[in-house]
Number of protein chains: 2
Amino acid sequence: MSKPLRADAQRNRARVLEVAAETFAAEGLSVSVHEIARRAGVGTGTVSRHFPTKEALFEAILLSRMEQLVQRAEALAEGTGQDRAYDEAFFAFFALMVEEGAGNRGLVDALAGAGFDFRSVEAERRYDVMGAWRELLRRAQQAGGIRADVDIADVKALLTGCIDRERSGVDPVARARLLAIVREGLRA
Amino acid sequence: MSKPLRADAQRNRARVLEVAAETFAAEGLSVSVHEIARRAGVGTGTVSRHFPTKEALFEAILLSRMEQLVQRAEALAEGTGQDRAYDEAFFAFFALMVEEGAGNRGLVDALAGAGFDFRSVEAERRYDVMGAWRELLRRAQQAGGIRADVDIADVKALLTGCIDRERSGVDPVARARLLAIVREGLRA
DNA sequence: AGACAACCGGGACGGCCGTCCCGTATATTC
DNA sequence: GAATATACGGGACGGCCGTCCCGGTTGTCT
């Protein structure tokens with residue numbers, strides 16, 4: 001389809017991706033593309049050539065991260081044998097997502113829908129995080145660990161809340177408490 | 001301290017406030033001040049004279065709404081007699097806040113911290129919504145209806161989640177289900 | 001090594017937003 | 001009803017952001 005990139009272009013692309021991932025994670029989606037370019041030590045043109053829009057840049061970041069998350073979710077799904085473990089797998093992934101969101105302001109912004117559509121990324125159908133999670137939920141519900149009427153949107157809402165809690169400082173005790181509240185609430 | 005405003009100034013101020021409240025509620029904090037002025041049928045200067053900054057404008061809106069919310073919270077607190085009712089008052093206010101947030105995108109934006117500090121409004125100390133709510137929580141905890149280790153930040157996080165859920169369409173069934181989940185989670 | 005294509009840097013452009021300012025119009029006061 | 005302070009309208013300004021483009025440079029292939 002497309003010819004391989006020139007060596008320096010590959011380097012720059014990777015560097016921009018890396019810097020952008022760190023920056024968005026640390027400071028959220030509000031950082032300007034100019035700032036990303038500056039920190040990566042390249043011109044703004046270089047960024048916009050590899051990633052035509054800011055959204056495309058963030059998509060690229062999210063995509064690689066989502067790949068890992070889906071793998072974790074599937075690994076958790078694999079590891080379930082006894083009925084009891086199904087809901088554990090679900091909650092383990094929930095905790096993982098909270099942790100992810102806590103250290104990734106960009107993801108929080110994306111989830112909050114602040115000018116970015118999470119679904120459009122998933123529409124590429126390569127890494128369907130929510131789909132993988134829905135599967136974990138379905139199994140846990142079938143096994144009777146989680147109330148049957150809950151849907152994945154409810155779960156996402158609770159996740160948003162948990163992540164929001166992290167804004168006022170990272171407090172492991174508070175995080176565990178909130179997770180416990182969610183567990184109790186979702187229990188069948 | 002200050003002389004009374006001229007009659008037309010009072011009218012304009014009230015009109016701007018009204019239009020801004022509707023607009024922010026319907027479309028969130030991202031609407032421009034120019035647009036508010038246009039819809040109110042006044043010049044941009046008129047808006048910025050009454051409310052020097054956009055934040056000041058939104059503060060003024062929030063302040064009047066918060067007054068009503070605090071009154072509701074206090075009324076709920078008054079109405080509690082039997083031990084059982086304490087947590088009912090708390091959850092009633094929770095539901096009220098969810099409803100409020102569902103029909104008020106500006107408030108959601110403010111809660112999400114998108115460029116606006118909710119606390120700075122409360123710092124005026126006239127209407128302390130969170131304080132009033134904390135009081136409801138405290139009583140419900142003392143009465144044993146809600147687990148003792150929960151703090152008001154946890155509650156706010158859950159509220160954020162519930163309001164977030166409303167983004168994907170207003171579904172009364174889903175709302176009730178999510179509220180039920182929260183109740184179960186917070187129960188002592 | 002030379003020629004060509006690919007890529008880089010960063011300035012320039014257009015758009016949007018919040019805020020300020022000033023000539024004009026209008027309410028208030030005597 | 002005239003004088004005066006007060007408020008209005010909306011254009012102008014400065015800042016920021018995302019995107020595009022072009023003159024110069026650097027990798028790549030023969």
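For the numbers below, each heavy atom of this structure counts, side chains included, while hydrogens, waters and symmetry mates do not.
Looking at residues two or more places apart in sequence or on another chain, you find a side chain to side chain donor-acceptor pair (under 3.5 Å) between A:Arg177 and B:Asp151, B:Asp154.
Distance CZ (B:Phe51) to P (D:dC8): 11 Å, rounded to an integer number of Å. Spacing between atom CZ of A:Arg49 and atom C1' of C:dG9 amounts to 9 Å, rounded to whole angstrom units. At whole-Å resolution of the value, CZ in A:Arg15 and C1' in C:dG9 are 16 Å apart. The nearest whole Å value for the distance from the CD atom in B:Glu35 to the P atom in D:dG10 is 15 Å. Between the CZ atom of B:Arg38 and the P atom of D:dG10 there is a distance of 12 Å, rounded to whole Å. In this structure, A:Asn12 atom CG and D:dT26 atom C1' are separated by 12 Å, rounded to whole Å. What separates CZ of B:Arg13 from C1' of D:dT6 is a distance of 16 Å, to the nearest Å.
Closest heavy-atom contact between B:Gly144 and B:Ala188: O-CB, 3.4 Å. The two atoms that bring A:Ala132 and A:Val70 nearest to each other are CB-CG1, 4.3 Å, heavy atoms only.
Using a 4.5 Å cut-off on side-chain heavy atoms (C-beta onward), B:Arg139 and B:Glu135 make contact.
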Go through the steps for B:Glu22 and B:Arg39 under the test salt bridge (Lys or Arg N to Asp or Glu O under 4.0 Å), then give the verdict.
-> CA-CA 11 Å; B:Glu22 286 172 14; B:Arg39 295 193 193 181; over 6 Å; no

Applying side chain to side chain contact (heavy atoms under 4.5 Å, CB included), run through A:Phe94 and A:Leu136 and close with a yes or a no.
-> CA-CA 10 Å; A:Phe94 192 102; A:Leu136 282 175; over 6 Å; no

Begin from the C-alpha positions of B:Arg187 and B:Ile146 and carry the test side chain to side chain contact (heavy atoms under 4.5 Å, CB included) through to its verdict.
-> CA-CA 5 Å; B:Arg187 195 172 300 276; B:Ile146 292 181; over 6 Å; no

Please report the C-alpha distance between A:Val155 and A:Val182 in whole Å, then the side-chain angles of each, then the deciding distance to 0.1 Å, and finally whether the side chain to side chain contact (heavy atoms under 4.5 Å, CB included) criterion is met.
-> CA-CA 9 Å; A:Val155 172; A:Val182 170; over 6 Å; no

Enumerate all atom pairs, one protein N or O and one N or O from nucleotides 27-30 of chain C, separated by less than 3.5 Å.
| unit_1 | atom_1 | unit_2 | atom_2 | d |
| --- | --- | --- | --- | --- |
| C:dT28 | OP1 | B:Ala7 | N | 3.3 |

What side-chain donor-acceptor pairs closer than 3.5 Å can you find for residues 11-19 of chain B, not counting sequence neighbours?
| unit_1 | atom_1 | unit_2 | atom_2 | d |
| --- | --- | --- | --- | --- |
| B:Asn12 | ND2 | B:Asp8 | O | 3.4 |
| B:Arg15 | NE | B:Ala40 | O | 3.1 |

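More than 12 non-hydrogen atoms from other residues, nucleotides or ligands lie less than 6.0 angstrom from CZ of B:Arg175.
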In 5'-to-3' order, the base (B), backbone-only (S) or no-contact (-) status of each nucleotide in nucleotides 11-18 of chain D, using a 4.0 angstrom heavy-atom cut-off, is BB----SB

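Summary of helix geometry: the two end axes of the helix from C:dA1-D:dT30 to C:dC30-D:dG1, each defined by five base pairs via their C1' atoms, are inclined to each other by 10° (rounded to 10°).
Of the candidates B:Thr53, B:Thr44, B:Val47, B:Val47 is the only one forming a side chain to side chain contact (heavy atoms under 4.5 Å, CB included) with B:Val33.
Within residues 17-26 of chain B, no residue places a heavy atom under 4.0 Å from DNA chain D.
The cationic group of A:Arg183 lies under 6.0 Å from the six-membered ring centre of A:Phe91 and within 45° of the ring axis, placing it in a cation-pi geometry.
Classification of A:Arg147 and B:Glu184 as a salt-bridged pair fails, no side-chain N sitting under 4.0 Å from a carboxylate O.
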